[in-house]
Chemist: 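Following this message is one structure expressed as structure tokens.
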Amino acid sequence: MKTCDLIIAGGGPAGLAAAIAAKKSGVNDILILERDSILGGILNQCIHNGFGLHTFKEELTGPEYAARFLAEAQELGIECQTDSMVLDISPEKVVTVISPDNGLQKIQAKAIVLAMGCRERPRGALNIPGYRPAGIYTAGTAQRLVNMEGFMPGREVVILGSGDIGLIMARRMTLEGAHVQVVAELMPYSGGLKRNIVQCLNDFDIPLKLSHTVVDIKGKDRVEGITIAEVDEKGNPIPGTEEEHVCDTLLLSCGLIPENELSRGMGVDISPVTSGPVVDESFETNIPGVFACGNVLHVHDLVDYVSEEAGNAGRHAAQYILGSLPDKDSGKKILLKAEGGVRYTVPAALHPDRMDDKIKVRFRVGGVVKNCFISVYLGDERILHKKKQIVAPGEMEEVLLEKSRILAAPDVQEITVKLEVE
Amino acid sequence: MKDVAIIGAGVCGCAVAKELSRYEFDVCVFDKNEDVCEGTSKANSGIVHGGFDAKPGSLKARLNVLGNRMMDEVCRELDIPFKRNGSMVLCWKEEEVKKLEALLEQGRQNKVPGMRILSREEAKEMEPNLSDEVYAALYVPTGGIVCPFELTIAHAEVACENGVEFRLGEEVLSVEKKGEGYLLHTTKGDVEARYVVNAAGVYADRFHNMVSEEKIHIIARKGEYDLLDKTAGSLVRCTIFQLPTAMGKGVLVTPTVHGNLLLGPTATDVEDKEAVGTTREGISQVTQKAALSVKNIPLRQVITSFAGLRAHEDGDDFRIGEVKDAPGFIDVAGIESPGLTSAPAIGVMVCDLLCGKENRKEKETAVTTRKGVTHFASLSDEEKAALIAEKPAFGRIVCRCETVTEGEILEAIHRPLGARTVDGVKRRTRAGMGRCQAGFCSPRTMEILAREWGVGMETIVKNEADSGYIVGSNKDVL
């Protein structure tokens, strides 16, 4: 059987950053497997700017951001195989992959980085009643049609969901000549970044209706109208608040779901909160030598954070291959608990002996909270108390943990991250 | 003049066409939709019923049991998946056991084999996820599941191979008696036919009433469904029914033959014969009623909901046969449940009827079998490797969720009655039927369709002529 030190499933921003970091950490035998015909993943259809502010201190478009990583990967001589779909990964790290050119291959890897990304939640999963005509697209599908193929999927548009892709597409459709009538959001707050609401909706006078949802889709062949209505605290439509929109298109931006079918298939533990693998400080899953990063791990707002986390995942994968990553079962393990408005943390556990001097713990909150504190407890001792004017589910938060601090408390079994009002 | 004009390319129309195509009949099939299987046949439970709940002596009872018996061979010949997963009818109270016993007795009269009543414990041993409230169950080992699209399409493909003309996207507007036969006005012209087979589903009353003084009435009875991801498909093994009501067989919970979990249907009579929209009330009724039968249904795994229309005739039985005051006009009307199960038997019955009137020879070259579209995902690694080596298009995945390759989509396009629409590809290959519901694959499927048919992307439709995906190009109105 063909062998390879490190196989990376997915050649988007996470896979590329992981591969580059692994290569720089001394592993040479790396193979990126990408199902699309080009590398770069979803960045290729994100032609708007705003990428790279953290990584490169400048504003790039999605393809430009991807191009920088592609150039580096190429320079480093990292092997990539496009048009290659991983069908299966066994717990023993045998990867089954198919492609038109190479047929069906089975490759034994020493380590694996999972970087398959995520998919959009479809209409069916939202239980939106009505007909099932053409003209209903997830925002990402519409983005691909418009930005990569040059086709307009509709003229008069209603958008459900205020996730970032939906906001970006509200602006894109407007710039391409469509009329976006309204963005309806089921929750009382937006799921997207504040800057996107300002730059994509407010700047184009597109109304955002919070606590609203779609209650009917009209049109047997093509969308002819969308009815939206206000919802109560439980999300149930309030009778009498219906509002008819004559339109030909409904775009959906109602959440992203990490694509973990391969991970589940090989026995990786999946968090019910993130729908992504449960990982430790090294981005290692419960299966030794299997790492995860990017949107397959947890859905990000900013690609810069994806690149950063993926770099760490790649570096640790390299250490695993080179034998310099301590065995995770030999040392101490501290669990990270998410409480009081914090939904989850990545990582979910720390092995102090494997930690870098400082690590970032990223998380999301469950609702909008104003004037609060993000607190971190090392056992019972509060070691961080950071004032926040506002936290929202649409914006990922982070705290920094120092290794020295954790080593100084050898009896502590648990670290808790929570929101506090004072 | 055609020998036989069949109105409606649903499962019954196609089954009749397939049977007739073995003989020297000149047959054409009309459908107002752009593909076969676009009406009642595309949106139902996909159940091969045992045959215990139709009144003894009724056509429903006879054809159900016959169709059930035929199904193994039919599906083998047509190369489509079929599973005899068995059915259960549940009751929740001791006093309801009498009703199960009545069904059992009725089933015995209908000659349904192997049925027996299970205690709660026996039922739960077979189906551990049954609700704890269940008191007893009627077990029907001959119940099965089949894919309604594949069953319909496969019948149509065989008919087409044998020379039946399919005139899709051509609506029959009226039928009138003319000489020895009938004159059909369609949206594309006039056609004369010696015999007419009226398999028009919810519209069968309209055509019947054009030629007969003995009027019939068909109401569209809407049924709404929830379909869950394959991760939920093993929650139950059998098809789980509840005690039937006046409106039908009630809400069921069943695995589909492709491994999803299906909940539904509701039963609401609607005036509009095109009213296939789902409703908030309907879907919530489905989930509530399903929860009575099976516990812990993972509703987060719902990937789509849909509604279908049953053609319910006032007489509550199938109406199959020559219309008394319209010689040569054959009704296949009122085909609601168990219509899918009965379809192969209905095909034979109508063919026998026409062969009794016209002595036609069997064609020497007629085919009775077909090879289905390759199902790449179910091949072994060795078979996959060999197939990609021979045809590299099988190495390119188009639908990630269902692992459907470009090779399969090409097969679906280049075959008898090949797919021309995105839904056509979907029903022949399952591309777009998975958990992302065509988010990733629909633009790619559109590209392949446009390339293979040599047309522009903007002409590719979901299903009907007015269901286009693309309305223009960027900035064209600016």
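Residue numbering restarts at 1 for every chain, and letters A, B, ... go by the order of the sequence lines. No hydrogens, no waters, no symmetry mates; every other heavy atom, side chains included, goes into these values. All values reported here derive from a predicted model rather than from experimental measurement.
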Chemist: Which heavy-atom pair separates A/L87 from A/I98 by the least distance, and what is that distance?
Modeler: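 Heavy-atom minimum between the residues: CD1-CG2, 3.7 Å.
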Chemist: Check this for me, if you would: do A/E149 and A/R144 make a salt bridge, where the nitrogen-to-carboxylate-oxygen distance has to be below 4.0 angstrom?
Modeler: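 Judged by the 4.0 Å cut-off on N to carboxylate O distance, A/E149 and A/R144 do form a salt bridge.
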Chemist: Compare every heavy atom of B/Q437 with every heavy atom of A/P122, then report the nearest pair and how far apart it is.
Modeler: CB-CB, 3.8 Å
Chemist: Given a strict heavy-atom distance threshold of 4.5 Å, which part of B/I470 is in contact with chain A: side chain, backbone, both, or neither?
Modeler: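 Contact with chain A involves both backbone and side-chain atoms of B/I470.
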Chemist: Is A/R132 salt-bridged to B/D423, cutoff N-O under 4.0 Å?
Modeler: no
Chemist: In terms of side-chain geometry, is the basic nitrogen of A/E261 or A/R119 positioned less than 4.0 Å from the acidic oxygen of its partner?
Modeler: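 Yes, A/E261 and A/R119 are salt-bridged.
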Chemist: What verdict does the side-chain contact (heavy atoms from CB on, under 4.5 Å) test give for B/L227 and B/T256, after you've listed the backbone C-alpha separation in whole Å, the side-chain angles of each residue and the deciding distance to 0.1 Å?
Modeler: CA-CA 9 Å; B/L227 185 72; B/T256 70; 4.1 Å; yes
Chemist: Relative to chain A, which of B/V302, B/T278, B/D466, B/I397 shows the most heavy atom pairs under 4.5 Å?
Modeler: B/T278
Chemist: Is any side-chain N of the basic residue among B/R396 and A/D83 closer than 4.0 Å to the acidic one's carboxylate O?
Modeler: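 Salt bridge: yes.
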Chemist: For B/Y225 and B/F306, take the angle between the two ring planes, folded into 0 to 90°, and tell me which bin it lands in: parallel under 30, tilted 30 to 60, perpendicular over 60.
Modeler: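 The rings of B/Y225 and B/F306 lie parallel, inter-plane angle below 30°.
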Chemist: Please rank A/S84, A/G150, A/P153 by heavy-atom pairs under 4.5 Å with chain B and give me the top one.
Modeler: A/G150
Chemist: If you count heavy-atom pairs under 4.5 Å with chain B, which of A/M148, A/R123, A/M173, A/R222 comes out on top?
Modeler: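 Between A/M148, A/R123, A/M173, A/R222, the count favours A/R222.
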Chemist: Is there a salt bridge (Lys or Arg N to Asp or Glu O under 4.0 Å) between A/E244 and A/K218? Walk through the geometry before answering.
Modeler: CA-CA 10 Å; A/E244 309 273 336; A/K218 296 192 173 68; 3.1 Å; yes
Chemist: Contact part of B/S473 toward chain A, heavy-atom cut-off under 4.5 Å: side chain, backbone, both or neither?
Modeler: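 Both parts, backbone and side chain.
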Chemist: Would you call A/K106 and B/D381 a salt bridge, taking side-chain N to carboxylate O under 4.0 Å as the test?
Modeler: yes
Chemist: Please flag which part of A/L175 lies under 4.5 Å from any non-hydrogen atom of chain B: side chain, backbone, both or neither.
Modeler: backbone
Chemist: Under 4.5 Å heavy-atom distance to chain A, tell me which part of B/E406 shows up: side chain, backbone, both or neither.
Modeler: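 For B/E406, there is no contact with chain A at all, as no heavy atom is under 4.5 Å.
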Chemist: Heavy-atom pairs under 4.5 Å with chain A: which of B/D476, B/N474, B/V422 has the most?
Modeler: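 Going by pairs under 4.5 Å, I would pick B/N474.
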Chemist: Is chain A contacted by the side chain of B/A465, its backbone, both, or neither, given a heavy-atom distance below 4.5 Å?
Modeler: neither
Chemist: Would you check, one step at a time, whether the test side chain to side chain donor-acceptor pair (under 3.5 Å) holds for B/T231 with B/Q301?
Modeler: CA-CA 8 Å; B/T231 50; B/Q301 305 293 326; 2.9 Å; yes
Chemist: So for A/I128, is it side chain, backbone, both, or neither that comes closer than 4.5 Å to the heavy atoms of chain B?
Modeler: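 Only the backbone of A/I128 comes within 4.5 Å of chain B.
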Chemist: Among A/A125, A/G103, A/S99, which residue forms the greatest number of heavy-atom pairs with chain B at distances under 4.5 Å?
Modeler: A/S99
Chemist: Count the heavy-atom pairs under 4.5 Å between each of B/G407, B/A275, B/A307 and chain A, then report the option with the highest count.
Modeler: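 Option with the greatest count: B/A275.
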Chemist: Check each atom of B/R300 against the heavy atoms of chain A and say whether the ones under 4.5 Å are side chain, backbone, both or neither.
Modeler: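 Only the side chain of B/R300 comes within 4.5 Å of chain A.
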Chemist: Please determine, by modelled atom types, if A/T141 and A/T138 share a side-chain donor-acceptor pair under 3.5 angstrom.
Modeler: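 On atom types as modelled, these side chains qualify, holding a pair under 3.5 Å.
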Chemist: Please state whether the side chain, the backbone, both or neither of A/N236 comes within less than 4.5 Å of a heavy atom of chain B.
Modeler: both
Chemist: Which residue out of B/A438, B/G468, B/A393, B/A389 racks up the most heavy-atom pairs below 4.5 Å with chain A?
Modeler: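 Option with the top pair count is B/G468.
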Chemist: Just so I understand: if I count every heavy-atom pair under 4.5 Å between each of B/R444, B/E224, B/E274, B/R435 and chain A, which residue has the most?
Modeler: B/R435
Chemist: With a 4.5 angstrom heavy-atom cut-off, could you sort out which part of B/D226 is near chain A: side chain, backbone, both or neither?
Modeler: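 Only the side chain of B/D226 comes within 4.5 Å of chain A.
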Chemist: Name the option with the most non-hydrogen atom pairs under 4.5 Å to chain A; the candidates are B/K462, B/M446, B/R400.
Modeler: B/R400
Chemist: Does the cation-pi check pass for B/K384 over B/F376, that is, NZ or CZ under 6.0 Å from the six-membered ring centre and within 45° of its axis?
Modeler: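 Yes, cation above the ring, under 6.0 Å and within 45°.
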Chemist: For chain B, which of A/G130, A/A134, A/P133 has the most heavy-atom pairs under 4.5 Å?
Modeler: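 The option with the most such pairs is A/G130.
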Chemist: Between A/K220, A/E259, A/E176, which shows the greatest number of heavy-atom pairs under 4.5 Å with chain B?
Modeler: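 Option with the greatest count: A/E176.
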Chemist: For the candidates A/G135, A/G219, A/G154, which exhibits the highest count of non-hydrogen atom pairs separated by less than 4.5 Å from chain B?
Modeler: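 So the answer, after comparing A/G135, A/G219, A/G154, is A/G154.
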